[in-house]
Protein chains: 4
Amino acid sequence: MDLVTIIAEIAAHMGTRDHRGRVANYIPELAKVDPARFGIAVVTVDGRMITAGDADEPFSIQSISKVFALTLALGKVGDQLWDRVGREPSGNAFNSITQLEHEQGIPRNPFINAGAIVVADVNLGGHQPRVAIGEMLRFVRYLAGDDAIAINEAVAASETATGHRNMALAHYMRAFGNVRHPVDLVLGSYFHQCAIEMSCRQLALAGRYLMLDGRHPDGGRVVSPRRARRINALMLTCGHYDASGDFAFRVGIPGKSGVGGGILAIVPGVAAVAVWSPGLNDNGNSYLGTLALEELARRTGWSVFSPPDP
Amino acid sequence: MDLVTIIAEIAAHMGTRDHRGRVANYIPELAKVDPARFGIAVVTVDGRMITAGDADEPFSIQSISKVFALTLALGKVGDQLWDRVGREPSGNAFNSITQLEHEQGIPRNPFINAGAIVVADVNLGGHQPRVAIGEMLRFVRYLAGDDAIAINEAVAASETATGHRNMALAHYMRAFGNVRHPVDLVLGSYFHQCAIEMSCRQLALAGRYLMLDGRHPDGGRVVSPRRARRINALMLTCGHYDASGDFAFRVGIPGKSGVGGGILAIVPGVAAVAVWSPGLNDNGNSYLGTLALEELARRTGWSVFSPPDP
Amino acid sequence: MDLVTIIAEIAAHMGTRDHRGRVANYIPELAKVDPARFGIAVVTVDGRMITAGDADEPFSIQSISKVFALTLALGKVGDQLWDRVGREPSGNAFNSITQLEHEQGIPRNPFINAGAIVVADVNLGGHQPRVAIGEMLRFVRYLAGDDAIAINEAVAASETATGHRNMALAHYMRAFGNVRHPVDLVLGSYFHQCAIEMSCRQLALAGRYLMLDGRHPDGGRVVSPRRARRINALMLTCGHYDASGDFAFRVGIPGKSGVGGGILAIVPGVAAVAVWSPGLNDNGNSYLGTLALEELARRTGWSVFSPPDP
Amino acid sequence: MDLVTIIAEIAAHMGTRDHRGRVANYIPELAKVDPARFGIAVVTVDGRMITAGDADEPFSIQSISKVFALTLALGKVGDQLWDRVGREPSGNAFNSITQLEHEQGIPRNPFINAGAIVVADVNLGGHQPRVAIGEMLRFVRYLAGDDAIAINEAVAASETATGHRNMALAHYMRAFGNVRHPVDLVLGSYFHQCAIEMSCRQLALAGRYLMLDGRHPDGGRVVSPRRARRINALMLTCGHYDASGDFAFRVGIPGKSGVGGGILAIVPGVAAVAVWSPGLNDNGNSYLGTLALEELARRTGWSVFSPPDP
């Protein structure tokens, strides 16, 4: 069966589901999103784009931005980043602070909130937040080849007003010297990064460099092949918080989720996939998005854990 | 450069290393092993076997046996196993008991000791330990195609006499009803399983079914393709205890280590690799074995996180 | 109002209570006890004995035995005991194993199960369990002046068959070398110590030495004044597991509870009190027993935190 | 031997000690204090004041202020306070955040930092920090009968600039709704409260109401007898962070320490004692202060755990 049909059927199946998870309500702006939405976009290595459902509807990418922010930070400081952030799955919720106390202010990986805040601190680099935010936005637009990508200021403001746990994480790490700029500047930048809005189509396009061993489809090199593999590895082991193992088990490809309901998934050498459905499961990952990717992986045979041509 | 040369050079490089980690000393029998040993064996999808160093020297496979025990247990009870064992990286040491208290006696995954003890409890299936041990040994011999594989009774006895932490784990889970046979029978079976001795050559051969999407090279099916992928996924996310993320980051292929110094690594559709060097790093994984696999992955381009033909 | 009336009224009040907590069910023999029972006995510094309710009904003293076992162990090894057991409240449940992992097999205090198992290990002193059990029984009979005190073998056997968490604790500490005899011998001794049966009358009598700065009413010295104070201090800070702070806050006198529903409480220089009611609160302490002691403290003004003559 | 001689000798003994602990350095202003200082003041129930050493030297009372702040907060909201703060020893360091995650933003007791921040939030009561700070200062001056007591603004500013862990705690609890005013206002108030400076003489005088079952020596009632006992109970079980059990064991009277090196200790019905020496032990309590109180308790027989007239 061809990919177009598979994608269409997946979208149809998801539309019939009664249970859709719960929309994140800790950020008031996000709570307003209609839980019935579902979109999917697949861009293949040969440049085909296949979409279904609300694939052109912008949504808040939230933690998916951590992939792009990590890519930028590695470009700035290279492997020195790993002195300040670990590379291990956390075994805790995305906003846990306990681990920081046990490990002296060093977050376990760059995809939990604490780690992403350190990455934002690195990306700030002594500048004002607007400089870092501008750089991030330009980077994402370049990756996706789409200058329409923008930040939803209402979401950013909403997070600033309610993000007490993130403030706690940032202050806590600042006490250990692992956040180096003033906390309000770091979080100002971080909250704006999370408030970037993209459609499934834009997100899949932005993920192509991870499918292509670090190259932009325009031929430019975004990161080295080694770095691209390592980012994919981190997505697989840490991309779904404390459900990363389950995602690897059920879906079998690197992915990064966000509480806005999006997931970016990478099949190296084959495809970049973006799904979106705002209802979340208990671990804070898109409920239907995970199911859709599981069905996609099952029907296509896409998995990094099986022979290349199954 | 051809694979034979790469393997030979890796073995040569490892031989020149001063630092080799520390041999496990908590099992007295294991502490006797010469830290200068290093072996590697690679079996490719087209049946070639390439070895270097002490590739025919038997060593205690220890926790690598958890891969085979998991395969057997899934064959017995299928996905019901996941009611009793999780699929998430633990964020703790291999013998941690803290997590069990927080999660009501359910181990995080089948590759930490607690999880492997539950798997051993499943495999016991109401029989005497010798029955389960016999079944395990026959299974490993079948996978490797080598009836010379045996259990080192002195190592098994050594673990029985000193395995207080494993006894604590087993009693603790029995208090929650997640170990169902008497603890001494379960551990009797578990310690014998860990005391299986194999050479790198035998171990690589035994791992072929995971490279081949679940098929034995003789054409028989060991497990379904889906189950093979899932076992590979668990090896990647949980196979190196609290250094699993780092192994995925640096090496990028599923692997399972044992405190005897062995590592079994799988490149789906390409190769099954076994390395052995008894000195361990701080996380209890083979120090040189990890380095050797990192060099192998770098030089061959083998990684599940890069396009199939890099 | 005189003490006799107060005690009688307290017993009457407790008899009218609907909610009585839940009888411990993890030891099958204990689960058989009638939750409607309530007894109280107060022995004053001038030798008066005042009782009410089921004050002459024997019950399983369980963890209250830890007070007597600690007294014996300090007599054997003195302050060296504190190299193996801490003196801090635990902040965890009575049977928690997490703390042991964080603190290398050293229990936080001698009144949580792990600490009491170390104390039992000390009291075993190279002998068979029956020797240590005999010594403990003689000691308690001497303190109470009553040779009728005995061990309920059915309770001891019941704990031996079901005490998996205690076995886990003991094996875990043995892995750190902090249990030195074989686990089955230590727990054999420990379970028998817990299975001692005493009535409120006997228990209050046995507690007199702690009211009398270490002296037996017969004039003999059980422990030095300093040691008596220190045992009282430990009862206050650690005697009610993770509700010790609450007991100190509400009742204000040193006390030690047991899951059999008994509590021994000491008013230094004034009285020794024993209460018994088998229903437990969520922290594993007698529900009515705690209420009775709170009423007693309120009506008599007994508190170590107020001026001596309130 | 009379009390005057005992106090003088204790001061002399402390002067000869080589090891004096380490002065707190996390608040820069505190790090400037001379570690050679030692003062002690004892005020007895009959009004005698006995001092030795630097008893009239003001020092930063820091966490000792938590006793007075708790007294005020209980006056404002009564036992409703206990819906927001627990009464159990924490089993963790004074600035731990782990416990808050496990217990949904409810601090274990009012004497760890998190609990004291909630108390400060209660005392703020919708007003500006200067109102709450003024009230606190008036209260302490009234208790001590000394209007010279003042706040060291440099210390308060120093804490504001460096108190990242306290900011983390406050934001974390605000995420759970257990801090209700803006974090900067709550901490502004809290840091000023901690920056109150008192001499040993002033501090012992301020503590008299806890010796006198809640009465001020001028005859007024500060708190009810029951509340005074309960505050004393909390000081005993929680007053020295994770060394509270040890302090109860060795000294045997309620006490509250501060990182400025002061300790306020209460012998109900007998004396209020203040000691000061800026060097701290590993638990953050005054090293010489604790030793001095231990010697004082030993030589006077003062202990809440012994008969009133030993």
Side-chain angles (χ1 to χ4, degrees), chain C residues 45 82 86-92 96 98-99 102-103 108-109 111 210-215 225-238 240-254 266-270 283 297-298 301-310, chain D residues 45 82 86-92 96 98-99 102-103 108-109 111 210-215 225-238 240-254 266-270 283 297-298 301-310:
Chain C
V45 71
W82 308 118
R87 300 188 294 234
E88 292 301 325
S90 76
N92 284 302
S96 173
T98 294
Q99 173 265 324
H102 293 161
E103 297 178 88
R108 290 223 114 203
N109 67 64
F111 292 156
L210 293 172
M211 151 178 74
L212 296 172
D213 232 14
R215 278 188 300 104
R226 192 169 80 149
R227 187 160 288 164
R229 290 169 204 176
R230 289 176 160 192
I231 294 171
N232 284 337
L234 285 164
M235 289 172 73
L236 191 98
T237 55
C238 312
H240 282 72
Y241 309 121
D242 202 22
S244 298
D246 192 60
F247 189 85
F249 182 89
R250 287 165 55 197
V251 182
I253 54 179
I266 304 297
V267 195
V270 178
N283 287 294
R298 182 170 47 75
W302 291 347
S303 164
V304 302
F305 300 114
S306 59
D309 289 311
Chain D
V45 70
W82 308 118
R87 301 188 294 234
E88 292 301 324
S90 75
N92 284 302
S96 173
T98 294
Q99 173 265 323
H102 293 160
E103 298 177 87
R108 290 223 114 203
N109 67 64
F111 292 158
L210 293 172
M211 152 178 73
L212 296 172
D213 231 15
R215 278 188 299 105
R226 192 169 82 148
R227 187 161 287 165
R229 291 169 204 177
R230 289 177 159 191
I231 294 171
N232 284 338
L234 285 164
M235 289 172 74
L236 191 98
T237 56
C238 311
H240 281 73
Y241 309 122
D242 203 20
S244 298
D246 192 61
F247 189 84
F249 182 90
R250 287 165 55 196
V251 181
I253 54 179
I266 304 297
V267 195
V270 177
N283 286 295
R298 183 170 46 75
W302 292 347
S303 165
V304 301
F305 300 114
S306 57
D309 289 312

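Because only heavy atoms are used, hydrogens play no part in the values below, and waters and symmetry mates are left out as well, while side chains stay in.
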What option among C/T237, C/V45, C/D246 has the most heavy-atom pairs under 4.5 Å with chain D? C/D246
Any chance you could measure C/E88, atom CD, to D/Y241, atom OH, to the nearest 0.5 Å? 13.5 Å
Report the option among D/R230, D/R250, D/M235 that has the most heavy-atom pairs separated by less than 4.5 Å from atoms of chain C. D/R230
Side-chain heavy atoms of D/P89 within contact of D/S244, under 4.5 Å: no
Considering only heavy atoms and a distance below 4.5 Å, find which of C/S303, C/P254, C/A243, C/A228 pairs most often with chain D. C/A243
How many angstroms lie between CD1 in D/I253 and CD1 in D/I266, if you round to the nearest 0.5 Å? 8.0 Å
Is D/M211 in contact with chain C via its backbone, its side chain, both, or neither, using a 4.5 Å heavy-atom distance? backbone
Taking the side chain as everything from C-beta on, heavy atoms only, tell me whether D/F305 gets closer than 4.5 Å to C/L234. no
Structural part of D/P225 lying under 4.5 Å from a heavy atom of chain C: neither
Between D/G269, D/G252, D/A233, which residue shows the highest count of heavy-atom pairs closer than 4.5 Å to chain C? D/A233
Between C/R108 and D/D242, is there a salt bridge with N-O shorter than 4.0 Å? yes
